[in-house]
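Okay, so here's the structure we're looking at.
Only heavy atoms go into these numbers, but all of them, side chains included; no hydrogens, no water, no symmetry mates. Each chain gets a letter, A, B and so on, in the order its sequence line appears, and its residues count up from 1. All values derive from a computational prediction rather than experimental measurement.
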Number of protein chains: 4
Amino acid sequence: MSGSRERPLRADAARNRAKLLDVATEVFTTRGVDVPTEEIARAAGVGVGTLFRHFPTKEALLAAVMVRRLEAIAAGAADLAAGAEPAEAFFDCFRLVVDRSEGKNEFTQALAAAGVDVHASLQEPTTAIRAQLTDLLAGAQRAGAVRADLGLPELLALLVGTGATMEQLRDDPAARERIYEVVFDGLRPH
Amino acid sequence: MSGSRERPLRADAARNRAKLLDVATEVFTTRGVDVPTEEIARAAGVGVGTLFRHFPTKEALLAAVMVRRLEAIAAGAADLAAGAEPAEAFFDCFRLVVDRSEGKNEFTQALAAAGVDVHASLQEPTTAIRAQLTDLLAGAQRAGAVRADLGLPELLALLVGTGATMEQLRDDPAARERIYEVVFDGLRPH
Amino acid sequence: MSGSRERPLRADAARNRAKLLDVATEVFTTRGVDVPTEEIARAAGVGVGTLFRHFPTKEALLAAVMVRRLEAIAAGAADLAAGAEPAEAFFDCFRLVVDRSEGKNEFTQALAAAGVDVHASLQEPTTAIRAQLTDLLAGAQRAGAVRADLGLPELLALLVGTGATMEQLRDDPAARERIYEVVFDGLRPH
Amino acid sequence: MSGSRERPLRADAARNRAKLLDVATEVFTTRGVDVPTEEIARAAGVGVGTLFRHFPTKEALLAAVMVRRLEAIAAGAADLAAGAEPAEAFFDCFRLVVDRSEGKNEFTQALAAAGVDVHASLQEPTTAIRAQLTDLLAGAQRAGAVRADLGLPELLALLVGTGATMEQLRDDPAARERIYEVVFDGLRPH
DNA sequence: CATGAATGAGACTTCATTCAT
DNA sequence: CATGAATGAAGTCTCATTCAT
């Protein structure tokens with residue numbers, strides 16, 4: 001699962017990489033993608049050189065941040081899926097993914113703008129989530145809780161879109177709840 | 001309301017401004033927001049100076065492009081609203097706005113990243129659409145075609161979000177159609 | 001004296017030229033030489049084109065402003081010279097020139113920076129002052145009020161330099177007066 | 001007093017900074033303040049980026065050049081002051097400052113035009129000279145070689161103004177000498 | 001392996017000057 | 001003759017990336 005990549009990575013190097021990722025996540029999320037690399041390095045307490053040793057380009061850093069978020073989401077989803085009956089698992093997982101997607105769009109776009117094939121470069125880490133969602137969707141459909149004519153692509157698109165919807169309603173929890181009602185109602189058969 | 005601005009604008013100036021807007025719309029939409037101003041000027045057949053005379057900053061150009069798109073959408077929406085029964089008018093208009101929203105997110109984000117208060121600077125031109133949507137929504141609710149607990153904010157958020165959903169399914173019209181079914185089903189009472 | 005140049009100049013054209021000169025004098029003096037030509041034109045109530053019709057380059061405008069000031073100074077000097085005994089006339093005139101030189105340095109330098117041979121382009125209009133100063137100096141020297149070994153070049157240089165000195169003491173009239181004492185004392189024989 | 005600033009500065013960085021300062025001094029003095037930064041960088045054998053790393057704005061570079069010149073002047077003045085009797089020390093120092101002031105006005109004005117508070121930003125490095133001049137002046141006055149009613153402000157103004165005077169007589173050493181006689185005579189009591 | 005100085009292409013913008021209206 | 005839109009060279013500054021220390 002968390003297969004070993006390259007060499008084991010020395011202790012301090014690993015610490016630097018982690019700090020960099022933490023800072024980048026924080027900074028990109030709160031201040032946008034245009035923050036200079038140098039600033040991120042400084043905030044992480046390392047030189048730019050170190051940043052570029054770990055992430056050969058800025059895009060690579062961006063991608064790594066995304067991957068990390070996706071992995072976190074996947075972990076959460078795994079817990080939920082393990083739990084209860086199919087329908088509940090599906091809808092709970094939907095909520096989880098959406099709630100954690102905050103700001104994800106900006107990354108995706110920044111990556112795309114940089115000419116990176118997002119689908120390709122994020123393929124592997126996303127696989128876990130994809131697999132889980134496929135299972136959850138199938139289970140919910142088998143249980144008659146979700147329209148049978150929907151596939152994984154529609155589900156993924158809907159997750160992204162609902163995330164975007166929610167971002168517009170950041171300050172109104174009640175409204176967000178109503179949106180969930182609309183979307184979940186729409187997902188059910190008929 | 002949509003009153004005349006400043007002076008009538010000389011013939012060639014108007015032509016240049018229009019060309020600039022055309023080119024910018026095209027370029028920003030297809031190649032993203034990071035295209036150099038100089039390239040836009042060249043593509044429009046004018047010098048950079050001319051571009052900056054018409055739009056004092058790049059953001060101003062970006063905003064102008066958005067405004068233009070919104071105005072076009074508003075015009076289309078007006079035609080639909082004039083037409084038929086409330087429910088149909090509402091759903092048709094929803095589709096129209098979503099279909100024309102392609103790529104709009106990127107603009108909004110670019111503007112926001114530049115520190116522009118999008119809501120403020122685009123307020124006026126958006127007002128037309130807002131008003132129409134308010135009417136359409138009210139009409140559809142009165143006709144019992146849409147849940148009564150939804151307000152304009154939710155509608156707007158849903159329009160944005162559905163647009164984002166659709167962008168993920170750019171190449172699959174059938175899937176897009178299924179999304180519309182989901183969302184429209186969800187919007188109906190119960 | 002005010003010899004006719006070129007054509008007689010139509011009434012409105014003359015008015016424009018005068019307004020332009022007034023505004024330029026005001027603006028250059030208060031806000032420096034880097035003010036855009038367009039702004040000067042606007043302040044004068046004309047288009048840039050008109051400005052450039054009257055003054056083929058910005059330097060030409062700068063030079064014209066200087067000329068005008070010098071002419072004003074010359075006029076004032078003439079009045080004084082006409083008056084009393086040689087020594088008094090000389091020293092009064094010295095004061096007059098210095099007092100009116102405020103900010104003149106900036107112009108001279110701007111012109112020089114633009115590669116204009118100031119001495120050459122201002123030769124003619126300065127001639128009047130030069131002639132007067134030559135006479136005044138000679139008179140004062142004959143009267144034994146000024147060292148005999150000084151020539152016009154030294155006098156001109158001293159006028160410029162004393163102007164610069166005074167600009168440093170803009171806010172201290174008493175100090176300025178002491179400077180005059182120093183310089184005038186120094187000018188007297190022994 | 002002339003305490004170390006920030007970090008020790010790496011060897012190559014120090015070399016570049018020095019070269020930049022040398023070139024800038026040379027170029028600004030001979031060709032004026034309007035020389036493009038890029039040209040200065042090229043002449044110093046570095047990229048523009050390096051220039052801007054050392055001096056965040058062009059004004060900063062200008063100011064640094066001035067500071068350097070003032071420091072050089074102060075050093076020379078210190079030597080003189082150490083030497084002989086008060087009167088001689090004073091007048092020699094006056095000459096020194098004036099002779100080294102060549103072109104200094106242009107800098108001051110460029111800085112002022114850029115909205116920099118020259119007095120403030122150059123305060124510290126000037127302090128050394130101020131202190132020395134204060135001492136020299138007091139000494140010369142005590143020795144009865146200079147009018148007692150003059151203060152430091154007048155002296156400084158006179159230094160600037162005499163510099164301006166001398167610049168007009170760049171090519172006539174004999175005339176310059178006569179100016180010194182005039183000014184020094186004027187400075188003596190009576 | 002870390003550091004941060006150096007690089008230099010390129011971004012945005014200004015402005016003197018020209019020329020169609 | 002006046003106007004002001006158009007021009008485009010040039011200027012200052014930023015920032016991802018490289019490389020000497």
Spacing of D:Glu59 atom CD relative to F:dC13 atom C1', expressed in whole Å: 12 Å

Of all heavy-atom pairs linking B:Phe28 and B:Leu62, the shortest is CE1-CD1, 3.0 Å

Does E:dA5 have OP1 or OP2 under 4.0 Å away from a side-chain N or O of D:Asn16? no

Nearest-0.5 Å distance, OG1 of residue D:Thr50 to CG of residue D:Asp12: 9.5 Å

Can you check the C:Leu20 CG to E:dA16 P distance for me, whole Å? 14 Å

Whichever of B:Thr57 and D:Val48 has the more 5' nearest nucleotide on DNA chain E, that residue is D:Val48

Restricting to non-hydrogen atoms, name the atom on D:Leu20 and the atom on D:Ala41 that form the minimum distance, rounded to 0.1 Å. CD1-CA, 4.4 Å

If each of D:Asp12 and C:Pro56 is mapped to the nucleotide of DNA chain E with the nearest heavy atom, which maps nearer the 5' terminus, i.e. the 5' end? D:Asp12

As a test of reading the structure: which of E:dT13, F:dT17, F:dT7 is closest to the side chain of A:Thr37, going by heavy atoms? F:dT17

Once you build an axis from the first five pairs and another from the last five of the helix from E:dA2-F:dT21 to E:dT21-F:dA2, how far apart in angle are they, to 10 degrees? 0°

Quick one: do A:Asp22 and A:Arg68 make a salt bridge, cutoff under 4.0 Å? yes

Could you walk me through whether C:Leu61 and C:Thr37 pass the side chain to side chain contact (heavy atoms under 4.5 Å, CB included) test, one step at a time? CA-CA 9 Å; C:Leu61 176 59; C:Thr37 47; 5.6 Å; no

CA sep, side-chain torsions, deciding dist, call: C:Val46, C:Lys19, side chain to side chain contact (heavy atoms under 4.5 Å, CB included): CA-CA 9 Å; C:Val46 305; C:Lys19 188 76 205 277; over 6 Å; no

When you get a sec, tell me which of E:dA2, F:dA2, E:dT17 is the closest nucleotide to the side chain of C:Lys58? E:dT17

Within less than 4.0 Å of OP1 or OP2 of E:dA2, is there a side-chain N or O belonging to A:Arg53? yes

What integer distance in Å separates C:Glu38:CD from E:dT18:P? 15 Å

Rounded to whole Å, the CZ-P distance (D:Arg42 to F:dA10) equals 12 Å

Between D:His54 and D:Asn16, does a side chain to side chain contact (heavy atoms under 4.5 Å, CB included) hold up when you go through it step by step? CA-CA 9 Å; D:His54 286 292; D:Asn16 279 338; 4.2 Å; yes

D:Glu39 CD to F:dA9 P, straight-line distance once rounded to whole Å: 18 Å

What is the distance, to the nearest angstrom, from the CG atom on A:Leu62 to the C1' atom on F:dA16? 13 Å

Separation of atom CG in C:Asp34 from atom P in F:dT12, rounded to whole Å: 12 Å

Please test D:Phe55 against D:Leu21 for side chain to side chain contact (heavy atoms under 4.5 Å, CB included), starting from the C-alpha separation and ending with a verdict. CA-CA 10 Å; D:Phe55 309 98; D:Leu21 234 29; 3.7 Å; yes

Rounding to a whole Å, what distance do you find between D:Leu51:CG and E:dA5:C1'? 14 Å

Among F:dC13, F:dA6, E:dA2, which is the nearest nucleotide to the side chain of B:Thr50? F:dA6

Give the nucleotide from the list E:dT13, F:dC13, F:dT18 with an atom nearest to the side chain of A:Phe52. F:dT18

Between A:Val35 and D:Val35, which residue's closest nucleotide on DNA chain F lies nearer the 5′ terminus? D:Val35

Distance below 4.0 Å between D:His54 side-chain N/O and E:dA6 OP1 or OP2: yes

Pairwise 5' ranking along DNA chain F for D:Phe55 and C:Gly49, keeping only the more 5' one: C:Gly49

Of the candidates E:dT7, E:dC15, F:dC13, the side chain of C:Pro36 sits closest to E:dC15

